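Everything on this sheet refers to the single structure shown next.
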Amino acid sequence: MNAVVRVEADGVRLVAEVTGSGPALLFVHGFPLDRTMWQHQVMGIDGWTRIAPDLRGAGESAVPTGGYSMSRYADDLIQVLDAVGTKAAVCCGLSMGGYILFELLRRHPERIRALILCDTKSEPDTPEGQRGRDDLAGVARRDGIGAVASKLLPKLLGRSTAARDAAVVETVRAMVLRSPVEGVAGALEAMRDRPDSTPLLAQIAVPTLVLVGAEDELTPPAVVRPMAERIRGARFVEIEAAGHMAPLEQPGAVTPALVDFLGALG
Ligand code: MLT
């Protein structure tokens with residue numbers, strides 16, 4: 001199937017791109033981004049039904065005012081999987097996408113066949129981090145998305161990409177700039193209020209790949225590696241010359257790492 005699927009979730013229209021056939025592979029994007037951040041993996045992984053939704057408040061999905069939470073995002077993913085006729089998927093999330101997958105694991109573990117956690121962490125926000133979320137939501141509402149982009153862009157990309165890959169810098173800048181302000185503010189609230197997922201790590205019983213960009217400043221390897229070590233049997237891969245957006249920055253390394261992990265699933 002190659003289709004753009006529209007799903008109604010709790011009265012909100014969600015859009016998901018569904019590509020290929022075979023077992024299901026769900027891609028959950030980070031913040032403040034959309035499904036196009038997975039473009040290389042969606043195009044480059046054959047033999048799987050690649051399902052890439054835009055979360056509520058992002059991309060082509062509708063932008064409700066208020067009501068954003070990790071549990072709402074997780075339940076939205078269930079609506080998407082149901083619409084595509086998928087019982088259980090390999091679930092791959094980056095950063096906020098990972099936070100949502102932890103919630104999916106708490107709420108609907110039977111829908112997760114295996115996990116791919118990219119550039120994400122299990123810890124909740126510190127009190128200072130929570131204040132930062134509120135400040136950034138204020139900036140978004142008062143000064144617009146351009147002001148948010150100026151603050152976030154330098155942190156999203158690794159120094160190697162920033163210095164050498166103008167096309168990727170431009171792709172990520174454009175993605176952030178088209179993010180709707182209400183969706184950005186809602187995601188910030190949802191991330192601010194997310195629970196600590198660290199106690200969950202020891203309970204993860206599905207095959208897991210943890211991947212991080214070596215130059216990731218938001219969720220650095222020093223934070224991500226210990227998380228991987230707490231998940232029984234997890235594979236850990238560090239991607240050279242990549243920051244927080246490793247799948248876009250170094251697709252030539254990330255896509256084969258995913259293919260290798262998927263190939264080992266029984
Ligand atoms: C993301 O990429 O989803 C965000 O950096 C996550 C966060 O701000 O915690």
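In each ligand, atom 1 is the first atom listed, and ligand 1 is the first ligand listed. Position 1 is the first residue of the sequence; numbering continues from there. All values reported here derive from a predicted model rather than from experimental measurement.
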Side-chain donor-acceptor distances from residues 10-22 under 3.5 Å, at least two apart:
unit_1 : atom_1 : unit_2 : atom_2 : d
Asp10  : OD2    : Arg72  : NH1    : 3.3
Arg13  : NH2    : Glu60  : O      : 2.7
Glu17  : OE1    : Arg35  : NE     : 2.9

_Residue list, salt bridge (Lys or Arg N to Asp or Glu O under 4.0 Å) with Asp125, at least two apart or on another chain_ = Arg133, Arg194

*Taking 4.0 angstrom as the limit, do Arg173 and Glu170 come out as a salt bridge?*
yes

*Hey, are Asp75 and Arg56 close enough for a salt bridge, meaning a charged N less than 4.0 Å from a carboxylate O?*
no

_Pairs meeting criterion side chain to side chain donor-acceptor pair (under 3.5 Å) with involvement of residues 140-158, two or more places apart_ = Arg141-Glu182

*So which residues, sorted by chain and number, lie with a heavy atom under 4.0 Å of ligand 1?*
Gly30, Phe31, Ser95, Met96, Tyr99, Arg133, Met191, Leu218, His244

*Just wondering, are more than 12 heavy atoms of other shown residues or ligands nearer than 6.0 Å to CZ in Arg230?*
no

